[in-house]
Every structure is written in C-alpha cells, then in structure tokens.
Protein chains: 2
Amino acid sequence: MATLVPLDAIATASLREHVHRALRQAILSGQYAPGTRLNERSLAQQLGVSTTPVKEALRQLEADGLVLTKPRSGVIVRFDYAWAEEMILARAAIESTIARLAAQRITDADIPALQQVLDEMRRATADGGVEDLIRLNEVFHDLIRSVARANYLRVLNDRQDVYDSGARRVIHMDPRERQQAFDEHSAVGAAVIARDPAGAEAAMKAHVLRAGESFLTLVFSKEKD
Amino acid sequence: MATLVPLDAIATASLREHVHRALRQAILSGQYAPGTRLNERSLAQQLGVSTTPVKEALRQLEADGLVLTKPRSGVIVRFDYAWAEEMILARAAIESTIARLAAQRITDADIPALQQVLDEMRRATADGGVEDLIRLNEVFHDLIRSVARANYLRVLNDRQDVYDSGARRVIHMDPRERQQAFDEHSAVGAAVIARDPAGAEAAMKAHVLRAGESFLTLVFSKEKD
DNA sequence: ATCTGGTATGTGGTATATCAGATTTCACAA
DNA sequence: TTGTGAAATCTGATATACCACATACCAGAT
C-alpha cells in the first residue's frame, strides 16, 4: 500500500505565490537589472495568467523591498549592491535577535534535534553533496527559529532572502566556505544549548554577516562602487 | 501671490493605501481582536470600495505580519501581546542597525540639522504640546534614517510600526516618559555626531526597547500571560 | 530654435463577474 | 446517540473590462 505525504508547498501554492517566487528569483539572480520596468500586462501574458495575481505578487515584492511602484507609471526593480548589502545587515539583525530568543527559550526537549542536525552537518561538510548541505542549512536555521518560538520575526526573516539558488549552490561547493560555515553554525548551536543569549546573538550575527560578505563578493564580484 | 505646496500624502494616496492604513490602525488599536476573520466582501462594502483594493491591502498586511491568509478560507488577524513584543524586538534590531550606519556615514553637513531637532525636542519636552512632540519624534527618527543613507532598512522599518496613534498620544503626555525619551534621543544623537557606531547602535536599541516596554504595559496593561 | 499646450498612448488602479476550494449543515443510516 | 457524506453556502482566487492619471510626442506660437 502506498503511503502518501502532504503535497509540497510548490504544488499547493496559489498562482500569486508562483508569480511572486518567479519574479523574486529573477530579480535576485540578476535577470532584471536595477531600474528595469516591470509591466503587469506583459508579465501576465508571459506567465500565462491574468493581471490579478501578477498585481498581487508585485505588491508582495514591494513589501519585500525589491520593487518600487510609481502609481500609474510603472513598477521598477530596485536591487543592486548597496541594496543587497542592506538586506544582509537586516538579516543579521533579525536572525541574531532570533538566536538570542532561542538561547532564552530553549528547553531540554529541543536539544537532541539541534545536536543531531549539527552532527549531520559535520558529516555533510566533510563529504556530503551540495544539495544536502543546502538542505541542512535550511533545517538548522529553521530549527533555531522554532526553538525561539518566534512568529513575527519569522515572517520578517522570510522576506529577507537575498541568496538566489544558483549563487547558493556555488558557495556551498567551496571547501573553505563549507568549513567556515560549519564552525559558525557550531558556535551558534553551542551558545543556544548553553543558554547564552548574548553569545548566541553575537555568533549568529557574525555568521550572517560573514556569509553575506562571501555572497556579495561572489555575486557582485568587485563591482562595488 | 500665493505659493503652493505639494498635496499631502493622504490626499494623493490610492484607495489601497487608504484601506491598508485603516485596517492597520484598526488592528493595532485593538478594534479587531486576535483571531478575528476579515471578510473581503464585507470590508469592501463597509469602506465603499470594490474588493480589489481590499485584497491588495490585505496582501500588504500579510507582509506586515499582522494578518494570516488561509487560502480560500479566510484572512485572520494576528496581533496580540507576544506579537507586539516581537515587533518591538524587530524594530529595535533594525533601528539600531540604522543608527550604527548613521554614525558611520554622517557628514559635517548633516550635523546642524540633527542638533537643531534635538534643541527643538528639548524645548518641546519641557513645555511643548503633545502633537509637537510626536511630530518631532518622527522628524528625529527620519533624520537618523536619512543620515544613514539607508534605503532597504527604511522600507523594513516602515512596516514595523506597532504604536497606534491613540496610545502614542497618551504616552507622550506623561512628563517622566517625555524626559526619559528626550535623554535617550540625546544619547543617540550624541553618539551619531561623535561617529561612534557601537555607541549609537546600543543607545538606539536601548531606547526602542525601553519605549516599547512602556507601550506594552500601557496597551496590554498587565494582561501578559 | 525654443517654449507651450494639447493630444495620443501606456500604465497601474479599480470595479465586477465568475470559478473552485473550504466549511457548514443536516438528513439519514448504523 | 453517533457517524457519514452529500448538498448548500461561504470565501478567497482569478479573469476581464474599463477608468484616470502619467508620460511622451508633436504642432503651433513666439
């Protein structure tokens, strides 16, 4: 007898979410240069949907800060080096706050799962595939968020993803980067388990900022003003 | 000869912005209890508009984190004590990051304006009206943001307003609160002018957290779990 | 040549109708 | 009484048509 698992998020998402995802990816990966004008009608046509979900997705992108809507004039992409830099600062600020909460609120029941993920990460760092590492990375950060019992902060965090999937893959292939990231994750995990709020906050902030730097130099290689 | 000033933002705002503002205010002021279901059609009818701007405003509220949309089922208000608490943490994290940037990026040309606002605040704290103080508060924080040349962070910041206008007015009437807020603003301003990033960040974080506490105890008086 | 105002066109903004999934209700059988 | 499931109903999701403002362009005046 077959066992069924819940459909994955991508299958159940509404059109609006699909559009949002697609546009977001296109902007972050640089397919739309800063200043590019996005036209509701042509986007709708390209994607084969009506303008309504496109319009809603654009509204979400506006909230994400990736796009600026000039009423009755146009929707303009805003994402460049300085923008990415600020997004990383924001992410560091929010995720470090989450880490602090996690250290304050962790219970004994939370510890085994955290240690298990760190173990898996250690193995994957040494000899795992890139996809595995990316997945574990997600799992780790998710776990911290859930240990922190953070809800609003999580919503905010979800809007701050600067990494497009291509860049993420490239970064996780570099052995030095892998080791560095693992060390940082360990430090965060240790501080959270030790119930050390200040330490967890500092470790997470350092990690996000450092990883962000790697990303910036890779994606905007040397094109800093 | 008459001189004309640009129309006020409220006059040029689109319906969607009006709806967003109205709903936001209603949620923050407690008119909609946590868990309340918001119905697109009835909201549209009450406000005398069609469902389209309502739908878009709800999408914005979702991005603000004030509302949860269950696809094809309903839109639910989520704003309670814990939520407000997290919003304040987030605001402290973001605004302190902005303050740090301001201290790093301030130029000599920025200083006079900052000092002037602080002077005005000093006077208004002692004997000014509540409306004046609220306005100057806005001006001060805006000035810090513009000195920081922060763009993305500003977008984020705009979505983190937890204070409804009624509560803000009450808070600014208390003399002790006024003095305390002024001292904190002074500290932030001094650190920024002194080009002390760490000091500015710490001062701003302390200010936002402390003011947030006042707000929480006022609005959710003692109903903490 | 340059400036002015009108006009055509493009764009997001809004209203409305319809679709399809979620929820509720309730008759009816076990 | 309890559980089942089908139908009615409620709700957001989507498609489409139309509107009003922004912009670009052009003719005519200076």
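Since we're looking at a predicted model, the values are computed, not measured. Just so we're on the same page: letters track the sequence lines, and every chain starts at 1.
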Using salt bridge (charged side-chain N to carboxylate O under 4.0 Å, His left out) as the criterion, list what pairs up with [X], not counting sequence neighbours.
X	result
A:Asp164	none
A:Arg145	A:Glu95, A:Asp142
B:Glu213	none
A:Arg16	B:Glu62

Rounded to the nearest angstrom, tell me the gap between atom [atom1] in [X] and atom [atom2] in [N].
X	N	atom1	atom2	result
B:Arg59	C:dG13	CZ	P	16 Å
A:Leu68	C:dT11	CG	P	16 Å
B:Arg37	D:dT9	CZ	C1'	13 Å
A:Lys70	D:dA20	NZ	P	22 Å
B:Leu38	D:dT11	CG	P	12 Å
A:His20	D:dA13	NE2	P	15 Å
B:Glu40	C:dA17	CD	P	16 Å

(message) Please tell me if A:Arg41 has a side-chain N or O lying less than 4.0 Å from either OP1 or OP2 of C:dG13.
(response)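 False: A:Arg41 side-chain N/O out of range (4.0 Å or more) of C:dG13 OP1/OP2.
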(request) May I ask you to verify if any side-chain N or O of B:Asn39 is less than 4.0 angstrom from the OP1 or OP2 atom of D:dC10? (result) no
Provide a list of protein-nucleic acid N or O atom pairs under 3.5 angstrom, restricted to nucleotides 14-17 of chain D.
{"residue": "D:dT14", "atom": "OP1", "partner": "A:Leu15", "partner atom": "N", "Å": "2.8"}
{"residue": "D:dA15", "atom": "OP2", "partner": "A:Ser50", "partner atom": "N", "Å": "2.7"}
{"residue": "D:dA15", "atom": "OP2", "partner": "A:Ser50", "partner atom": "OG", "Å": "2.9"}
{"residue": "D:dA15", "atom": "N7", "partner": "A:Thr52", "partner atom": "OG1", "Å": "2.7"}
{"residue": "D:dT16", "atom": "O4", "partner": "A:Thr52", "partner atom": "OG1", "Å": "3.4"}

Donor-acceptor contacts under 3.5 Å from residues 128-137 of chain A side chains, at least two apart:
{"residue": "A:Glu131", "atom": "OE2", "partner": "A:Arg169", "partner atom": "NE", "Å": "2.8"}
{"residue": "A:Asn137", "atom": "OD1", "partner": "A:His141", "partner atom": "NE2", "Å": "3.4"}
{"residue": "A:Asn137", "atom": "ND2", "partner": "A:His172", "partner atom": "NE2", "Å": "3.1"}

(message) Less than 4.5 Å apart, side chain to side chain, heavy atoms only: is that true for B:Ile98 and B:Met204?
(response) no
